[in-house]
Participant: 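So that we are looking at the same thing, I have put the structure below in structure tokens.
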There are 2 protein chains.
Amino acid sequence: MKAPGTSVLGYALLGLIHQKSSSGYNLRKIFAETAMGSFSSSPGAIYPALERLLNRGLIEGKVEEGSGLRRRRIYRITRSGSEELKQWLSQPVTRDEILRGMAELMLRFAFTEQALGAGEAINFLRKLRVELEAYVPSLRQYLRHNGARMPLSGMLALDSGVRNYETLQRWVEYAIETYQTSLAIKNRLPKKSKKH
Amino acid sequence: MKAPGTSVLGYALLGLIHQKSSSGYNLRKIFAETAMGSFSSSPGAIYPALERLLNRGLIEGKVEEGSGLRRRRIYRITRSGSEELKQWLSQPVTRDEILRGMAELMLRFAFTEQALGAGEAINFLRKLRVELEAYVPSLRQYLRHNGARMPLSGMLALDSGVRNYETLQRWVEYAIETYQTSLAIKNRLPKKSKKH
DNA sequence: CATTTCATGTAATCGGTTACATGATTAG
DNA sequence: CTAATCATGTAACCGATTACATGAAATG
């Protein structure tokens, strides 16, 4: 009765495989060496997750037949895997998701460009901006009203959260601008002036 | 042969109970209403976690005997619970922990002042500063060197991470200053009117 | 030849999510 | 009286952590 569903780690794997077919070992290295390590690591998580994706037909694996090479299984994304990824990426940006932490949002953003195009990436950023514009002031206000009667460390911890969101807001503006500039260059639009 | 261990949620509960004896319901509300909600919520996680703390003797619960009241169990921390909390709070700040995300670090910081005193809170901040001073430049350098050959969205996502850490560094400076100022004031003043 | 690195797994355990269950008390 | 809220749980499921296992190819 329950939809099996895909875990965040599953989507991280799916997105990486969508970008480039890889073996489990390669994927593990990516998690181990980059900031993506926050979504697990270690074979005990990754190999079972890959097998779940395989069983559900979201990826397919072929053993590399190269002559002098070690045997290893290269996974590539299937059509239904691509569809599931795109559906996940298209989900609305909710305050709930923002509260759960930025890691998952950033993962989605990082995959959006290749999977859905730059236009959708901008769209994602705009929706994020709207949510932040509604949420951050209320957080700031809560801090202003209750900060004084909290222990100093609690107030500071909250302040750290507020600063993070404010930084995120500035980043969103920067990211939107960056995208628009890059799009304008690609299209080589004869439009000279852009309003700010 | 394995030490049972306490989960992050367990420490969050332990720290809150250390600050103020509470019922499970009260604790749930704190998680539901504040930013602490990132560590779970929902009775299915909290009540079992409380029972584990109880079984390990880290907290004790007494049913409130108030006449006209609903029965509810008030938990208070035990000596060994207090010790375990302090030990957790005293752990060194490692880069590994920083990579796992700030939520847990901030939780530790928020509890440190009450459990170990303002001096230890400053100490925590200093250790965090040292780790960040070593880590952030390497992250920034990675972005400079590899950013150009990454997809735009990947570069931007990484940039967001760098900005977050830079914001955190500024926050650490601010927090240390705030603590030092507040300590200086407390020590200098011969206790004027402070209480209400 | 021994060690390291490549490459893929498996098993035990444990905690969290989801969803449901149960009563008691207060509010309308 | 009924509905909402208070207050505490329970059970099924599932995925992540930890630690161990295996074997083959490259490296010294």
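Residue numbering restarts at 1 for every chain, and letters A, B, ... go by the order of the sequence lines.
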Participant: Applying salt bridge (Lys or Arg N to Asp or Glu O under 4.0 Å), which residue pairs with at least one partner in residues 18-29 of chain B are found, sequence neighbours left out?
Facilitator: none
Participant: Return each pair, listed once, that meets salt bridge (Lys or Arg N to Asp or Glu O under 4.0 Å) where at least one residue sits in residues 152-162 of chain B; pairs must be two or more places apart or across chains.
Facilitator: B:Asp159-B:Arg163
Participant: Ignoring backbone atoms, test whether A:Ser7 places a side-chain nitrogen or oxygen under 4.0 Å from the OP1 or OP2 oxygen of D:dA16.
Facilitator: yes
Participant: By salt bridge (Lys or Arg N to Asp or Glu O under 4.0 Å), which residues pair with B:Glu177, not counting sequence neighbours?
Facilitator: none
Participant: Could you check how far CZ of B:Arg73 sits from P of C:dG23, rounded to whole Å?
Facilitator: 17 Å
Participant: List for me each residue that meets side-chain contact (heavy atoms from CB on, under 4.5 Å) alongside B:Glu120, sequence neighbours excluded, and say none if there are none.
Facilitator: B:Thr112, B:Leu116, B:Asn123
Participant: Got a sec, which pairs hit salt bridge (Lys or Arg N to Asp or Glu O under 4.0 Å) with one end in residues 128-147 of chain B, sequence neighbours left out?
Facilitator: B:Arg129-B:Glu173, B:Arg140-B:Glu166
Participant: Is the distance from OP1 or OP2 of C:dT18 to the nearest side-chain N or O of B:Ser42 less than 4.0 Å?
Facilitator: no
Participant: Please report the distance, rounded to the nearest Å, between CG in B:Leu9 and C1' in C:dC14.
Facilitator: 13 Å
Participant: Could you report the tightest heavy-atom contact between A:Arg72 and A:Ser23, atom names first, then the distance?
Facilitator: NH1-OG, 3.5 Å
Participant: Just jot down the salt bridge (Lys or Arg N to Asp or Glu O under 4.0 Å) partners of A:Glu84, sequence neighbours excluded, or say none.
Facilitator: A:Arg56
Participant: Rounding to a whole Å, what distance do you find between A:Ile74:CD1 and C:dA7:C1'?
Facilitator: 11 Å
Participant: With sequence neighbours left out, write down each residue that passes ring pair (Phe, Tyr, Trp, His ring centres under 6.0 Å) with A:Tyr11, or none if nothing qualifies.
Facilitator: A:Trp88
Participant: May I ask you to check whether B:Tyr165 and B:Tyr135 place their ring centres under 6.0 Å from each other?
Facilitator: yes
Participant: Which of residues 16-32 of chain A have a heavy atom under 4.0 Å from DNA chain C?
Facilitator: A:Ser23, A:Gly24, A:Tyr25, A:Arg28
Participant: Please report the distance, rounded to the nearest Å, between CG in B:Leu13 and P in D:dT8.
Facilitator: 13 Å
Participant: Let's see if you get this right: which residues in residues 88-102 of chain A place a heavy atom under 4.0 Å from DNA chain D?
Facilitator: none
Participant: Report the residues that fulfil salt bridge (Lys or Arg N to Asp or Glu O under 4.0 Å) with A:Arg126, sequence neighbours left out, ordered by chain and then residue number.
Facilitator: none
Participant: Under the rule for salt bridge (Lys or Arg N to Asp or Glu O under 4.0 Å), what residues qualify as partners of A:Glu97, not counting sequence neighbours?
Facilitator: A:Arg108
Participant: Tell me, which of residues 43-62 of chain A have any heavy atom that sits under 4.0 Å from an atom in DNA chain C?
Facilitator: A:Pro43, A:Gly44, A:Tyr47
